[in-house]
Number of protein chains: 2
Amino acid sequence: MRRGRKTANILWGSPASVLVGDFLYSKAFQLMVALENNLVLEVLADATNVIAEGEVMQLLSCNDPETTEKQYLNTIQHKTAKLFEAAAGLGAIIAGNCEDKILSMNAYGRHIGTAFQLIDDALDYESSSETLGKNIGDDLAEGKPTLPLLYAMWNGTEQESTIIRETIISGGLQHLHEIKDAIKSTGAVRYTLKLAQSEATLGLAALEVLPDSLFKMALKELALFSTVRKS
Amino acid sequence: MRRGRKTANILWGSPASVLVGDFLYSKAFQLMVALENNLVLEVLADATNVIAEGEVMQLLSCNDPETTEKQYLNTIQHKTAKLFEAAAGLGAIIAGNCEDKILSMNAYGRHIGTAFQLIDDALDYESSSETLGKNIGDDLAEGKPTLPLLYAMWNGTEQESTIIRETIISGGLQHLHEIKDAIKSTGAVRYTLKLAQSEATLGLAALEVLPDSLFKMALKELALFSTVRKS
């Protein structure tokens, strides 16, 4: 489930979903090339490369309870944050802005991308399936060591720690209830949310270089929204 | 099995194989952008798009015994032939050749790509597993209506026709032996090979515009090899 609807994968199977994804990517590639702006292509090629690397990093850390907070953050910097950074920076590039505005927009995207992913990982344990529109505990089922889970493992009772460690290794939802309790009692979601909020604040600060406008207001709204969304 | 070795998919599973594939593609994308030649990017973007479309077409025709020879050829034009066309044409573009040489090299690649795929589809029924280095009957197992199979269905006895039709619909290797017999008795491989040879001849003809050189000889060799390979 994504956004409350069945995924393409469920509806049409993996081969069709992967191939149509490739097709859409190739369409996007054609649109980029049509701009005839080499810097745009460089940014997108580099971002694609970093994101692919981030996905590999995420796969490698899967089922690894020794994952550190630094490794976790490094993975989301590569994966989600890089995508947001490229999206925000390209707007500044295409509009012909100077170097320091491009860098500021890069920073804006990077910070709200990080906030977005932190919240996403928290929502996997917090939301109801109805609000979130995807399955609760998906990350847990796959043994993905996201920050809320790691934090509860580091700060829970010995018993909670052991259960979480074993669930990261094996994956599965048998202990979802106890693990949600540990996440609650250790304040793991609160901790994750605090990190997301400081990222959003850094994102807002990066907007300072822009002149006031309706667009700047919209970007501010987006940064604020990134930490309060419930789905 | 591919080229006599276990596939990455078998060794490391789908997620790792797909992600490392994405990573390699993104590396290639970076190398293309580094050339700073927009025509190169256009050719590759268009080729990627056509190939993705060809893969979708192939998926749609899977398990469809009503596939016509025209549809089959159209799919391989999109899929394999386009890849060879882009590869051959880009050499001419990067070397700074004039339009008509680029078009000739495109044609060369397109024709030997078509020949390559026709032979590939014939080898799926002809070769021993040892020579081919992949599993015999892979296409049959998936219900892929390739030309040798379609030709045997169109020209076999009523009973053979029925077995082939049902196997395309369901996939599977239960009737591999009878189907290989039908392919043999109808001359389906010979028919496919003849088509491949006329494609290779067209590929050779496209080389006429090039001045004699060691490279031209190598391209000729490649065109000739494309129809005689056994694996």
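Chain A is the first sequence line, chain B the second, and so forth, proteins listed ahead of strands; every chain is numbered from 1. As the structure is a prediction and not an experimental result, all values here were calculated from the model. FYI, side chains are in, hydrogens and waters are out, and symmetry mates aren't considered; it's all heavy atoms of this structure.
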**Study point:** Smallest separation among heavy atoms of A:Glu36 and B:Asn38, with atom names
**Key:** CG-ND2, 3.4 Å
Revision key, fill the gap. Scored by heavy-atom pairs under 4.5 Å with chain B, the best of A:Leu31, A:Leu41, A:Ile51 is A:Leu41
Check your understanding: Of the listed residues (A:Val18, A:Asn49, A:Leu19, A:Thr48), which shares the most heavy-atom pairs with chain B below a 4.5 Å separation?
Key -> A:Asn49
Exercise for review: Would you please name every residue forming a side-chain hydrogen bond (donor to acceptor under 3.5 Å, both in side chains) with A:Asp46, sequence neighbours left out?
Suggested key: B:Gln30
Check your understanding: Residues in side-chain hydrogen bond (donor to acceptor under 3.5 Å, both in side chains) with B:Glu53, at least two apart?
Key -> none
Review point. What residues, two or more places apart in sequence or in another chain, satisfy side chain to side chain contact (heavy atoms under 4.5 Å, CB included) together with A:Lys79?
Key: A:Glu55, A:Gln58, A:Gln117
Exercise for review: Name, in order of residue number, those residues of residues 21-29 of chain B that have a heavy atom at a distance of less than 4.5 Å from a heavy atom in chain A; otherwise write 'none'.
Suggested key: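 Residues of residues 21-29 of chain B touching chain A at under 4.5 Å: B:Asp22, B:Phe23, B:Tyr25, B:Ser26, B:Lys27, B:Phe29.
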